[in-house]
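Below: the structure, in structure tokens.
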Amino acid sequence: MTPQGRGNAIVVSVLLLLGMLLHCENVWAATYAVGDDNGWDFDVDAWPNGKTFRAGDVLVFNYGPGEHDVNSVNQQGYDTCTVSSGAKTYETGSDRIKLVKGKNYFICSFPAHCTNGMKIVINAL
């Protein structure tokens, strides 16, 4: 192989490796059970404190179906405990939600649940 051919092979190898690394972003993603052993329940709003979240991390909301739900809302929905049209609602009792970069807001829409602490805001780096 000529020196130019080896140089081209190295460049191609490096580009392939970089491409693989970019596509493997989620390999380093963490999974968090919201509320830890208590699950998605009342007074969970302080659960994120002291944790570092990154875009691509997955939150698992564990709860009894029919007892709660999870709604991905904007800041206004979070602040006022309201779900606007277009908000994503989860109801399976073991919902897995991938975080996006920036603030991620989640509330329970059952009456008085959000106002009693069933809401969290996660800032993903």
Side-chain angles (χ1 to χ4, degrees):
M1 185 179 281
T2 67
Q4 182 181 7
R6 275 182 278 211
N8 288 341
I10 290 171
V11 169
V12 169
S13 296
V14 168
L15 290 174
L16 286 172
L17 180 60
L18 287 174
M20 287 174 35
L21 288 174
L22 289 174
H23 291 294
C24 293
E25 176 183 318
N26 287 337
V27 169
W28 294 285
T31 300
Y32 296 91
V34 174
D36 299 318
D37 292 338
N38 296 326
W40 177 234
D41 209 347
F42 296 101
D43 297 319
V44 74
D45 52 339
W47 172 80
N49 296 348
K51 295 175 180 65
T52 301
F53 300 94
R54 298 195 183 329
D57 286 352
V58 175
L59 298 183
V60 180
F61 292 81
N62 293 310
Y63 57 93
E67 296 174 12
H68 305 296
D69 63 9
V70 181
N71 296 271
S72 179
V73 296
N74 59 21
Q75 183 176 357
Q76 182 180 4
Y78 179 85
D79 291 341
T80 61
C81 289
T82 56
V83 179
S84 61
S85 63
K88 178 71 176 153
T89 299
Y90 302 86
E91 303 172 307
T92 69
S94 59
D95 307 309
R96 299 176 62 85
I97 303 173
K98 185 188 287 190
L99 296 173
V100 297
K101 186 174 184 172
K103 294 197 176 182
N104 296 256
Y105 299 94
F106 304 99
I107 67 171
C108 178
S109 69
F110 281 46
H113 288 202
C114 177
T115 56
N116 283 298
M118 272 196 84
K119 63 181 188 174
I120 58 171
V121 59
I122 305 290
N123 189 23
L125 305 174

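Remember, it's a predicted structure, so these values are computed and weren't measured experimentally.
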Which heavy atom of [X] sits nearest a heavy atom of [Y], and at what distance?
X      : Y     : result
Ala124 : Arg54 : CB-C, 3.7 Å
Pro65  : Gly93 : CG-CA, 4.0 Å
Ala29  : Gly56 : CB-O, 3.3 Å
Ile107 : Gly77 : CD1-O, 4.0 Å

Enter the distance from [X]:[atom1] to [Y]:[atom2] here, rounded to the nearest 0.5 Å.
X      : Y      : atom1 : atom2 : value
Trp40  : Glu67  : CH2   : CD    : 14.0 Å
Cys108 : Met118 : SG    : CE    : 4.0 Å
Ile120 : Asn49  : CD1   : CG    : 10.5 Å
Asp41  : Asn116 : CG    : CG    : 11.0 Å
Glu91  : His68  : CD    : NE2   : 13.0 Å

ILVMFWY network linking Tyr105 to Val70, side-chain heavy atoms under 4.5 angstrom: no
Check the hydrophobic clustering (I, L, V, M, F, W, Y; side-chain heavy atoms under 4.5 Å; chains of links allowed) and say if Val60 and Tyr63 are grouped together. no
Is it true that a side-chain atom of [X] and a backbone atom of [Y] form a donor plus acceptor pair closer than 3.5 Å?
X      : Y     : result
Asn74  : Gln76 : yes
Lys119 : Tyr78 : yes
Asp57  : Ala30 : yes

Taking atom CG of Asp37 as the centre, report whether more than 12 heavy atoms of other residues, nucleotides or ligands fall under 6.0 Å from it.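 No, because the 6.0 Å sphere around CG of Asp37 holds 12 heavy atoms or fewer from other groups.
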When you look at Trp47 and Ile122, which way does the side chain to side chain contact (heavy atoms under 4.5 Å, CB included) test go after all the steps? CA-CA 10 Å; Trp47 172 80; Ile122 305 290; 4.1 Å; yes
Are Phe61 and Tyr90 close enough that their ring centers fall under 6.0 Å? no
Judged by modelled atom types alone, do Asp69 and Thr89 share a side-chain donor-acceptor pair under 3.5 Å?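 Looking only at side-chain atoms, Thr89 and Asp69 do not form any donor-acceptor pair under 3.5 Å.
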Checking Cys114 against Cys81 for the disulfide bond (SG atoms under 2.5 Å apart) test, could you report, in this order, the C-alpha distance in whole Å, the side-chain angles of both residues, the deciding distance, and whether it holds? CA-CA 6 Å; Cys114 177; Cys81 289; 2.1 Å; yes
So if I apply the side-chain contact (heavy atoms from CB on, under 4.5 Å) rule between Phe106 and each of Val34, Val44, Leu59, which one comes out positive? Leu59
